[in-house]
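Accompanying notes for the structure given below.
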Protein chains: 2
Amino acid sequence: MPNNQFKKSELYSFITGVASTAIARRLQKKFNQADLSLTIEQWSVLYHLWKEDGISQQDLCKATFRDKPSMTRLVDNLEKAGMVKRIPSRSDRRKNLIYLTERAKEIQDTCYGFAEETVEEALSGVSQDKIEVCKEVLKVVYENLR
Amino acid sequence: MPNNQFKKSELYSFITGVASTAIARRLQKKFNQADLSLTIEQWSVLYHLWKEDGISQQDLCKATFRDKPSMTRLVDNLEKAGMVKRIPSRSDRRKNLIYLTERAKEIQDTCYGFAEETVEEALSGVSQDKIEVCKEVLKVVYENLR
DNA sequence: TTTGGTTAGTTGTTAAAACAACTATATGCC
DNA sequence: GGCATATAGTTGTTTTAACAACTAACCAAA
């Protein structure tokens, strides 16, 4: 058996996502401490809407790598929290277009700052070169399995 | 602002764990297709028990990076599925020691093969050097945030 | 040996994930 | 136009995640 094989089999943490779980928990704590009642999942939806809103739930599914029922419920909860509004599309009556509320726009910078802070903490002591390699590998993994 | 900072802030996929989610889903599919009614979370518990069983739920919490209530329920379900048994510790009556059943021992090699296969598929085209860098970075992240 | 703090595990609750099954609308082909 | 198929979104169900609050048992110090 080539050495290659053996090493790959030890990638338990890759499968279980221990690192991303740790980062997500840290970010969640920052949200809680700032009394932003926002889950990481909700944040991940807002993250894309801050770049561009007025997109469909289906677009958000692709962006966040989640299925349609999950998105329905995430948007439900974001709507209850007063962060987004569903506006029926006029060109395609099957679609909801999701728009940010003023409240959601207000918290954008705060949330962005917390995310930045969290990633800084997580990657402290890691060289930029290595970070680039990781980003690259994570992207390949995503492409390989899509 | 140093270039360094800007790049880190773009690590959305690090926080959301898109890659590990993709890997976990792929592995879950293999389990389902083989009629192994086993969730990834249950598998992650068995993964450690296959190395050493007769350990406490608390030990499993540390190993799998989950909290105590989550482990109670995972062990509940593994017990229902006939994969493990709780045996009260004689030296410390607070503790349950978790033992594998014969059934769990039987499926070890099959599960291990599926995990190996999945990681192979995920990392196809990625050099061993880069994989090593990733493992290293993920470990540092975990240490930084623990 | 009693008291106070710690550790192991369980229960309750809310949000989310994944899958199947469903409705409604759109689209492409005859 | 009418029908088959695809797409957008919702609902139902089961399992998990995370947190708080709880019980039971252990341990150490007065």
Side-chain angles (χ1 to χ4, degrees), chain A residues 16-18 20-33 36-46 54-81 83-84 86-98, chain B residues 16-18 20-33 36-45 55-81 83-84 86-98:
Chain A
T16 56
V18 168
S20 57
T21 304
I23 297 176
R25 281 185 197 158
R26 176 69 61 100
L27 180 55
Q28 182 71 66
K29 259 184 201 153
K30 288 181 197 287
F31 286 165
N32 294 345
Q33 278 160 8
L36 282 169
S37 63
L38 200 60
T39 68
I40 297 302
E41 293 75 16
Q42 290 168 359
W43 165 81
S44 79
V45 173
L46 292 180
I55 63 179
S56 70
Q57 292 184 199
Q58 190 60 55
D59 293 334
L60 285 169
C61 287
K62 280 179 205 148
T64 60
F65 200 53
R66 289 194 177 84
D67 69 359
K68 290 186 294 173
S70 298
M71 191 51 62
T72 294
R73 275 130 184 170
L74 277 170
V75 173
D76 283 351
N77 288 331
L78 279 168
E79 211 169 22
K80 274 184 213 156
M83 292 296 180
V84 305
R86 284 178 167 102
I87 309 284
S89 164
R90 282 197 289 178
S91 62
D92 184 339
R93 284 189 301 157
R94 294 170 305 177
K95 287 187 181 174
N96 296 326
L97 302 183
I98 313 300
Chain B
T16 57
V18 169
S20 59
T21 304
I23 296 176
R25 281 185 195 159
R26 176 67 62 101
L27 180 56
Q28 181 70 67
K29 261 185 197 153
K30 288 182 198 288
F31 285 166
N32 294 346
Q33 278 160 9
L36 283 169
S37 64
L38 200 62
T39 67
I40 296 303
E41 293 74 19
Q42 290 168 357
W43 165 82
S44 78
V45 174
I55 62 178
S56 70
Q57 293 184 200
Q58 190 60 55
D59 293 334
L60 285 169
C61 288
K62 278 178 204 147
T64 59
F65 199 53
R66 289 194 176 82
D67 69 0
K68 291 188 292 174
S70 299
M71 191 52 61
T72 294
R73 275 129 185 171
L74 277 169
V75 174
D76 283 350
N77 288 330
L78 280 168
E79 211 170 23
K80 275 185 213 156
M83 293 295 180
V84 305
R86 284 177 165 103
I87 310 283
S89 165
R90 282 198 288 179
S91 63
D92 186 339
R93 284 188 301 155
R94 293 170 305 177
K95 286 188 183 176
N96 295 327
L97 303 183
I98 312 300

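Note on naming: letters A, B, ... go to the chains in the order of the sequence lines (proteins, then strands), and numbering restarts at 1 for each one.
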Could you tell me whether [X] contacts a base, only the sugar-phosphate backbone, or nothing, with contacts defined as non-hydrogen atoms closer than 4.0 Å?
X	result
B:K68	base
A:R73	base
A:D92	sugar-phosphate
B:T72	base
A:Q28	nothing

Practice problem: Would you kindly compare A:D59 and A:R25 by the position of their nearest DNA chain D nucleotide and give the one closer to the 5′ end? | Solution: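 The residue whose closest nucleotide sits nearer the 5' end is A:D59.
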Quiz item: Is B:D76 salt-bridged to B:R86, cutoff N-O under 4.0 Å?
Solution: yes
Quiz prompt | Expected output: side-chain B:Q58 to main-chain B:K95 donor-acceptor under 3.5 Å | solution =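 Such a contact is absent between B:Q58 side chain and B:K95 backbone.
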Send over the distance from [X] [atom1] to [N] [atom2], rounded to a whole Å.
X	N	atom1	atom2	result
B:D67	C:dT13	CG	C1'	13 Å
B:K95	C:dG9	NZ	P	7 Å
B:D76	D:dT16	CG	C1'	12 Å

Ignoring backbone atoms, test whether [X] places a side-chain nitrogen or oxygen under 4.0 Å from the OP1 or OP2 oxygen of [N].
X	N	answer
B:R93	D:dC26	yes
A:N77	C:dA16	yes
B:R86	C:dT10	yes

Quiz item: So, B:S89 versus B:D92: side-chain donor-acceptor pair below 3.5 Å or not?
Solution: no
Quiz item: Do we see a donor-acceptor contact under 3.5 Å between the side chains of A:R66 and A:S44?
Solution: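 Indeed, the side chains of A:R66 and A:S44 share at least one donor-acceptor pair under 3.5 Å.
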Quiz item: B:L74 side chain: which of D:dT16, C:dA17, C:dT11 is closest?
Solution: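 Between D:dT16, C:dA17, C:dT11, the one nearest the side chain of B:L74 would be D:dT16.
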